[in-house]
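One structure is given here, and the rest of the page talks about it.
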Number of protein chains: 2
Amino acid sequence: MSQKEFSDQAKLLKILANEVRLAIIYSLKDTEKTVSELVEEIGSEQSIISKHLSLLRLNNIVADRREGNNIYYKLLTPCAVKFLSCATDVMREKKEYLLKIINQKHQR
Amino acid sequence: MSQKEFSDQAKLLKILANEVRLAIIYSLKDTEKTVSELVEEIGSEQSIISKHLSLLRLNNIVADRREGNNIYYKLLTPCAVKFLSCATDVMREKKEYLLKIINQKHQR
DNA sequence: TGCGTATATGCCAATATTAACATATTGTCA
DNA sequence: TGACAATATGTTAATATTGGCATATACGCA
């Protein structure tokens, strides 16, 4: 892997590395939603949700579509959800390792 | 998914979302290495590599082992590498989507 | 046209992240 | 013990990220 590849990957991870943006991605995983619906569901202020949506849109993680006064957002890269479950795996693996270590200490 | 789960996941992603740390993880993917080896390979300053290693160690992504003057680091969660390839998938999927869009525009 | 609703954006302050440098720590060996 | 090699840590300044608030924009409808 080249330095540019690491840098690109780091940029992508930074986009995903935010509580609100993760909630948005997860919420859009199998259906499009309006901003209001996301605001209601996630519980952050409207302007905050909008800003995170802008960032995700600028980076082509989501796409928007206007319908009257509402703007619907959908996930462009369903793979992003698989990616999140992959992150969950890493956390589980970490946890298991820690438990193993703790058990070893107790056995001494 | 609960808010705490999103927050935990975001924390993990933040740890991984750095060019140097990605290079370290990738470099350790199938063999342990000393700090000097990582410095040589990655090309950042020693204190910088050390600090990133500390962060990874504190978060149980890597573990260290002293052997004389050298300290060997190894990856604790091999899953982290799979995770990175998963990130690469997301980027590829994004790119493919964009190409598709561009082609559609040209066909009009 | 004017008003209400939905959404986006600009600005600012607080906080987090990072690199760079200097210095400290820990071990080896003479 | 002293000098050196490998690594870690403290401090600081620059920059990036974030949330909160105010305001702007876009649309529908009367």
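To find a chain, count down the sequence lines: A is the first, B the second, and so on, and within it residues start at 1.
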From the options C:dA19, D:dA5, D:dG28, select the nucleotide whose nearest atom is closest to the side chain of B:Val20.
C:dA19

N/O donor-acceptor pair under 3.5 Å between B:Asn18 side chain and B:Val20 backbone
yes

Which is more 5' along DNA chain C, the nucleotide nearest B:Leu55 or the one nearest B:Ser47? Just name the residue.
B:Leu55

What contact category does A:Tyr73 fall into here, base, sugar-phosphate, or nothing, at under 4.0 angstrom with non-hydrogen atoms?
sugar-phosphate

The nucleotide from C:dA8, C:dA19, D:dT9 with an atom nearest the side chain of B:Ser54 is D:dT9

Does the side chain of B:Glu19 pick up a donor-acceptor pair with the side chain of A:Ser7 at under 3.5 Å?
no

Can you tell me which residue among B:Lys74, B:Arg57, B:Lys33 is in a salt bridge (Lys or Arg N to Asp or Glu O under 4.0 Å) with B:Asp64?
B:Arg57

For the side chain of A:Ser50, counting heavy atoms from C-beta on, which of D:dA6, C:dA8, D:dA8 is nearest?
C:dA8

Quick note, B:Asn69 side chain, CB onward, closest among C:dT7, D:dA5, C:dA19 is D:dA5

N/O-N/O pairs, protein side and nucleotides 11-17 of chain C side, under 3.5 Å:
| residue | atom | partner | partner atom | Å |
| --- | --- | --- | --- | --- |
| C:dC11 | N4 | A:Lys51 | NZ | 3.1 |

B:Glu67 backbone acceptor or donor facing B:Arg65 side chain under 3.5 Å
no

Look at the side chain of B:Arg66 and decide which nucleotide, out of C:dT7, C:dT26, C:dA6, has an atom nearest to it.
C:dT26

Tightest non-hydrogen contact, residues B:Leu75 and B:Leu28, listed as CB-O, 3.9 Å

Residue closer to the 5' end of DNA chain C, A:Asn70 versus A:Ile48 (nearest nucleotide)
A:Asn70

Rounded to whole Å, CD1 of B:Ile71 lies from C1' of C:dT26 at a distance of 8 Å

So, OP1 or OP2 of C:dT18: does either fall under 4.0 Å of a side-chain N or O from B:His52?
no

